[in-house]
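Worksheet: the structure to be examined is printed underneath.
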Amino acid sequence: MYASIDRSIMWWLPFCFMALLAGGATAGGRGKDGGGGGSERRDVYVVYMGAVPPRTSPNLLQESHLRLVGGVLTRGQPAESVVVQQYKHGFSGFAARLSKAEAAALRRKPGVVSVFADQVYQLHTTRSWDFLQQTAVKIDSDRRSSAPRATKPAASSAAAAASSSPTAGDTIIGLLDSGVWPESPSFDDAGFGPVPAKWKGTCMAGDDFNSSNCNRKLIGARYYDLGEVKRSRSAQSSGSSPRDEAGHGTHTSSTAAGNAVIGASYYGLAPGTAKGGSATSRVAMYRVCSEEGCLGSAILAGFDDAIGDGVDVISVSLGASPYFRQDFSEDSIAIGSFHAVAKGVMVVCSAGNAGPDAATVVNAAPWILTVAASTIDRVFESDVLLGGNNSAVKGGAINFSKLDKSPKYSLITGESAKSSSVSDTNSARQCEPGTLDASKIKGKIVLCHHHAGSSNKMEKVDELKSAGAVGSILVNDLERAVATAYLDFPVTEITSAAAADIHKYITSTSEPVGTIAPTITVTEYKPAPVAAYFSSRGPSAQTANILKPDVSAPGVNILASWIPTTTLPVGESKPSQFNLVSGTSMACPHVAGSAATVKAWNPTWSPAAIRSAIMTTATQLNNDKAPMTTDSGSQATPYDYGAGQVNPTGALDPGLVYELGEDDYLKFLCNYGYNVSQIKLIATSLPGDFSCAGNASKDLISDLNYPSIAVAGLGKAGSRTVSRVVTNVGAQEEASYTVAVAAPAGLDVKVAPSELEFTKSVKKLAFQVTFSGENAAAKGDLSGSITWSDGKHTVRSPFVVSI
Ligand SMILES: *[C@@H]1O[C@H](CO)[C@@H](O)[C@H](O)[C@H]1NC(C)=O
Ligand SMILES: *[C@@H]1O[C@H](CO)[C@@H](O)[C@H](O)[C@H]1NC(C)=O
Ligand SMILES: *[C@@H]1O[C@H](CO)[C@@H](O)[C@H](O)[C@H]1NC(C)=O
Ligand SMILES: *[C@@H]1O[C@H](CO)[C@@H](O)[C@H](O)[C@H]1NC(C)=O
Ligand SMILES: CC(=O)N[C@H]1CO[C@H](CO)[C@@H](O)[C@@H]1O
């Protein structure tokens, strides 16, 4: 019934880490159990006990947890030695290293709602973990001391910006991530007023981190026991500190709320001002991840503390594998975020990087704002110049090596360089490691066809480099938009169409030559935004009656703060303070920043109202004034980008919002098919008389007052009616809205009434939308939108109806 930790890992872990983690998990008894377990296998289990009982102090709760564990430990070891996390603010429970028998015993104890095996979650940077690896970190004490710790590039005056909204500087964004590099100029506190009075958090001291690393910008930092996942490839990684050893958390937190830093760039590329979505907000870091992954027990603790500490928005750029198909009741992110939202704390999560396959979106609970990734109008161009007529072939990538600008290097294709001991030409064409003859590629630029599913491109490039090649051209249609940094070897990535030109040239001459031109930053690139290939897609595997993802935001080649790394480009002596990274991880904090700004302007708004404002004001056109597309050129659908690309300014004044509260989410769980005992696995405190309506059904999920509409099937009647209620939050109490429908061919969409009149006393109005299949020919997932407008505000809801 309960997945063991190694099974959950198998589903998603990049293979390079799998061996390491499987090893860690089998030796599950290592770590903090003090050796009391002998040879008995012990894994971390989350023991979840629901809401904090009324009038119970955290200390009392903690003692009762320890007594509970103590009662089941078979070998008489102290309870403190097996408990790794305690949950006592947002909800009650703990995580502990237990044997199977002890876990089973706890499951039967009164007050214990559920006991489940700890899960490993992954950070949502690009799934070609190549990038992370290339910029990977081996922090050693040497480099730390030489790292540019206290250098302070010009941070703009946050105080000036904060004055734009009365409460802007009081908004706190908490991030569950890999830690933070506090010396980054993004977290300089010049111009910030005192820490908001509502803040109850702390700045935990740990390895190379103490309370003086927090300030009026980075107001809090905590870290959690990461058990097996913290055992890093680099043995120095301790995990016992809020200090970021992966770069990810520094990047996401500076994207959410970093100061504007003038003169930022990645070694001269993408020069400009790096600035967080809400530069006036304060940052609190909850370190629940190391480079290798994140632990569910730590994630729950992060949520619990963030709720208790008083953050306004929680940003979570990580998730489980989409292939694990985890249910809400055993998902730390779903459970933790439920409690946060019930307490009025907004939760924004990344959708995952498992696209473009359908039904890969994760973090899809309806109380979460789920964020997909799209491109920005900036690309990194690194062209190939061919000999002969000196024609150029467009390529993209980031290289920092030094090739001559004139095309003088011999060009050879992978298949022509095939080793005689290899029979498979196709593998050689793809430059698979071990298939090429080193003597044929020495001193040359090698053209390789690369596609998803073949080996890691960094492995290929490394092998070419060690065989003495001078550069490589990778044919890579899908991943080309995501600029990969090849720090010490010239590489560029081109399309198949461009490759055809090079092949033509190579076959037209006896001595083909070329070179790879320096990388240049191209801005105002069109079209943008485009839905990123890697961004996880809808429909949600849990229920197609909620449309997910919710919105998209920039997540490709995002420049933000980073930790100092050891891998430096040729000729550079100092690590860049910024890095270009891609993933829905990068999209999520953009929206968290936007949500914090909406909250600053509207301090009383619920998480649902803020989400509604962000979704109904999103945009669907690109900078060519055409509908947004995907990487493959087809028109983007709500499964790619939800309601569209976030529009931070529009979200401040949405006109109408779709409200939702805890009751609605409980009703959702009833309709989802949970009974009361299952709902207790997730919810805070249920009213004593709580029960699910007898007519609860999956179809009724479509009636959840969500800012988008999804209908998983029209049923026998060929028609479905769903209800919604909108609340007027505009400055005008007297407002008159009319509806416009954009319906796809084959679907009839009627909205009744088609006009809504709000007055001083009428703030909420209901309407119904009826979808009818027009003809038998219409099939598949049909999408469109309904938009309410009063001439000033446009309140748009996308819909998807499956026929
Ligand atoms: C924190 O660490 C720094 C540098 O290691 C040290 O100078 C400072 O005194 C420490 N502060 C506290 C409060 O321990
Ligand atoms: C230059 O050479 C390339 C490759 O052989 C060819 O595709 C292109 O048409 C040539 N351009 C001109 C102007 O001759
Ligand atoms: C609730 O559902 C679960 C799983 O289907 C089942 O094991 C349990 O007995 C049910 N509880 C009640 C009270 O119906
Ligand atoms: C379902 O039942 C509840 C009461 O238990 C009722 O209020 C509601 O209207 C019903 N919904 C439908 C769609 O029949
Ligand atoms: C950032 C950048 O452009 N780096 C280098 C890429 O490679 C060329 C030569 O091939 C160099 O001139 C660039 O400096």
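This one's a predicted model, so the numbers in the text were calculated from it and none came from an experiment. Just so you know, ligand 1 is whichever comes first in the structure, and atom 1 is the first atom listed for that ligand.
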### Message
I'd like to know if the side chain of Lys217 and the backbone of Ala257 have a donor-acceptor N/O pair within less than 3.5 Å.
### Response
yes
### Numbering as shown, the atoms of ligand 1 that approach Asn210 to under 4.0 Å (heavy-atom distance)
1 (C), 2 (O), 3 (C), 8 (C), 10 (C), 11 (N), 12 (C), 14 (O)
### Task
Could you tell me whether a side-chain N or O of Ser723 sits under 3.5 Å from a main-chain N or O of Asp703, the two making a donor and an acceptor?
no
### Query
If you measure from each non-hydrogen atom of Ser211 to ligand 1, which part falls under 4.0 Å: side chain, backbone, both or neither?
side chain
### Task
Classify the ring geometry between Tyr672 and Phe668 as parallel (under 30°), tilted (30 to 60°) or perpendicular (over 60°).
parallel
### Query
Between Trp367 and Phe328, what is the ring plane arrangement, given parallel below 30°, perpendicular above 60°, and tilted in between?
tilted
### Message
Distance under 4.0 Å to a non-hydrogen atom of Ser212: what atoms of ligand 1 satisfy this?
### Response
1 (C), 10 (C), 11 (N)
### Task
Could I get the full list of ring-ring contact (aromatic ring centres under 6.0 Å, His included) partners for Phe209, not counting sequence neighbours?
none
Which N/O atoms of ligand 3 sit under 3.5 Å from a protein N/O, and at what distances?
{"unit_1": "ligand 3", "atom_1": "2 (O)", "unit_2": "Asn675", "atom_2": "ND2", "d": "2.2"}
{"unit_1": "ligand 3", "atom_1": "2 (O)", "unit_2": "Gln678", "atom_2": "OE1", "d": "3.3"}
{"unit_1": "ligand 3", "atom_1": "11 (N)", "unit_2": "Asn675", "atom_2": "ND2", "d": "2.9"}
{"unit_1": "ligand 3", "atom_1": "11 (N)", "unit_2": "Ser677", "atom_2": "OG", "d": "3.1"}
{"unit_1": "ligand 3", "atom_1": "14 (O)", "unit_2": "Asn675", "atom_2": "ND2", "d": "3.3"}

#### Entry: Name of the residue among Asp189, Asp188, Asp170 meeting salt bridge (charged side-chain N to carboxylate O under 4.0 Å, His left out) with Arg216
Asp189
### Message
Rounded at 0.5 Å granularity, tell me how far CG in Asn705 sits from CG in Leu660.
### Response
5.5 Å
